[in-house]
Amino acid sequence: MKNQKTWIAVILLGTVAVNAGAYLMVRSRKAAQPEPVATRPPVPTPEVVPPPPPVAPPSEDANAGLVRALRASGLAALEDRDYDRAVAQFTEALKLRPNDKDSDLTRLLGIATDLRSRDQGHAAQAPTPREASPGRATPRTRAAKLAAARAAREQQAAQAGPQEEAKGGLLLVTSTPPGLVVMVDGRAVDMTPARLPVSAGTHRVVLAQGDRRLYEETVEVDADAVRSLNRDLTAELTPAAPKPAAVPVAAVVPASPPTASAAPTGGPVAPARTPEPTPPPEPSVAKAAVAQRGDLEVTSPGLYGEVWINGRPYGFPPISAQALPSGPARVEVRVNGEVKRRMTVEVEPGRSTRVRVK
């Protein structure tokens, strides 16, 4: 019985020892093997897409050249009195420059439209010849013939009456470049492009810039007719060489009197001279300065806006600007701060000049 218990104990101890050895062996093998490193999937690199080539803006030079060509064609149409074609050319030029509202194209389009309306109004008012009534019998007696002749003369006089009235004409003055002063018979009246109502007859037209007279011509304007004058003065407006600035002459300062140390020993010391006071200007000089000024009386029956002269506001017309410097004066009419009319007027010294803005 005792031996049996001993064997059971030996068997149990052996089993435990085998299990413990197996466990240690398995653990040592696991410790010897490296743990697998978790690998991340490769991140795809984004494909570099080259930027699209920059789109070149539309060529301004091409549009500018086309605008100049359309403007020249419109001016030629105005000279030929083809107002429909002139309106079409100026409208097409403005479509190429919708933001250029202050250019002369807008004013040229307005002038062409007015002339077309005027031409159409004259065509509508032209009298149509009356046809002889087929039912009216030819007068046979002498009294009837005299009465018929008198009625015919009265009818001719009634038709010729409106035509015999003295009517003025229109003078259309344009230039390249625009903005030149238009002088008619010695008076500055507007700036190019200008549509000027003048009396029938001969007029002297001058295109000027400041004090420079660039072009002069004598034109004949018929009654109830349109006379066009268009000139390219680009060559005359090339900038001239600047004049050398005048060097101011320094005032002569009198030499200082000798001091006591510079005087001879024992000699008298010369007294110091005080500078003589400058005499006041003579009254004739002041009168001459006043005579170099003039007045301007500005009226604007067709456009109501604030009048500015030489960059200064003078109120709403009619206004009277007094004591202006003689020479060219810049007159502007502004509506809500925007310049609607601009012209240069010659201020005559000692006189009052009347200006009518149209």
Side-chain angles (χ1 to χ4, degrees), residues 1-75 85-110 112-113 176-179 191 193 232 234-235 237-245 305-306 308 310-313 330 332-342:
M1 189 70 180
K2 186 176 180 180
N3 291 334
Q4 187 177 1
K5 291 181 180 180
T6 302
W7 281 107
I8 290 172
V10 170
I11 291 171
L12 291 174
L13 291 175
T15 303
V16 171
V18 171
N19 290 335
Y23 173 74
L24 294 174
M25 186 179 296
V26 171
R27 185 172 180 180
S28 62
R29 287 183 179 179
K30 287 184 178 183
Q33 293 180 356
E35 294 183 359
V37 180
T39 58
R40 297 180 178 179
V43 179
T45 57
E47 183 180 357
V48 179
V49 180
V55 179
S59 178
E60 293 292 339
D61 295 337
N63 287 345
L66 185 56
V67 167
R68 286 195 297 268
L70 291 172
R71 179 180 181 274
S73 178
L75 292 176
R85 184 163 64 92
V87 170
Q89 296 295 328
F90 293 142
T91 303
E92 190 67 24
L94 281 175
K95 287 181 180 179
L96 297 177
R97 289 188 173 181
N99 298 327
D100 197 1
K101 298 180 180 179
D102 296 333
S103 67
D104 66 320
L105 292 174
T106 305
R107 189 169 183 184
L108 285 173
L109 178 59
T113 305
T176 303
M191 302 180 71
D232 188 351
T234 307
L237 290 174
T238 52
K243 297 182 180 180
E306 189 176 10
W308 288 59
N310 294 333
R312 292 181 55 190
R330 187 173 66 257
E332 298 176 349
V333 178
R334 302 185 182 184
V335 179
N336 295 329
E338 182 180 359
V339 178
K340 294 296 184 179
R341 295 289 187 275
R342 181 185 291 112

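Index from 1, following the sequence. Just so it is clear, the model here is predicted, and its values are computed rather than measured.
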Just list the side-chain donor-acceptor pairs under 3.5 Å for residues 8-24, sequence neighbours left out, or say none.
unit_1	atom_1	unit_2	atom_2	d
Thr15	OG1	Ile11	O	2.9
Asn19	ND2	Thr15	O	3.3

To the nearest 0.5 Å, what is the distance between [atom1] ([X]) and [atom2] ([Y])?
X      : Y      : atom1 : atom2 : value
Leu94  : Leu108 : CG    : CG    : 9.0 Å
Gln89  : Leu109 : CD    : CG    : 11.5 Å
Thr91  : Leu105 : OG1   : CG    : 10.0 Å
Glu306 : Lys340 : CD    : NZ    : 14.5 Å

*Sequence neighbours left out, what passes side-chain hydrogen bond (donor to acceptor under 3.5 Å, both in side chains) with Arg71? Give chain and number order.*
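Scan of Arg71 (side-chain hydrogen bond (donor to acceptor under 3.5 Å, both in side chains), adjacent residues dropped) gives Asp104, Thr176.
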*For Asp232, which residues count as a side-chain hydrogen bond (donor to acceptor under 3.5 Å, both in side chains) partner, sequence neighbours excluded?*
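Partners of Asp232 under the side-chain hydrogen bond (donor to acceptor under 3.5 Å, both in side chains) test: Thr234.
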Which atom names give the shortest non-hydrogen contact between [X] and [Y], and what distance separates them?
X      : Y      : result
Val335 : Gly305 : CG2-CA, 4.1 Å
Phe90  : Gly74  : CZ-C, 3.5 Å
Arg85  : Ser73  : NH1-OG, 3.4 Å

*Polar side-chain atom of Arg342 near backbone of Met191 as donor-acceptor pair, under 3.5 Å*: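 Answer holds: no.
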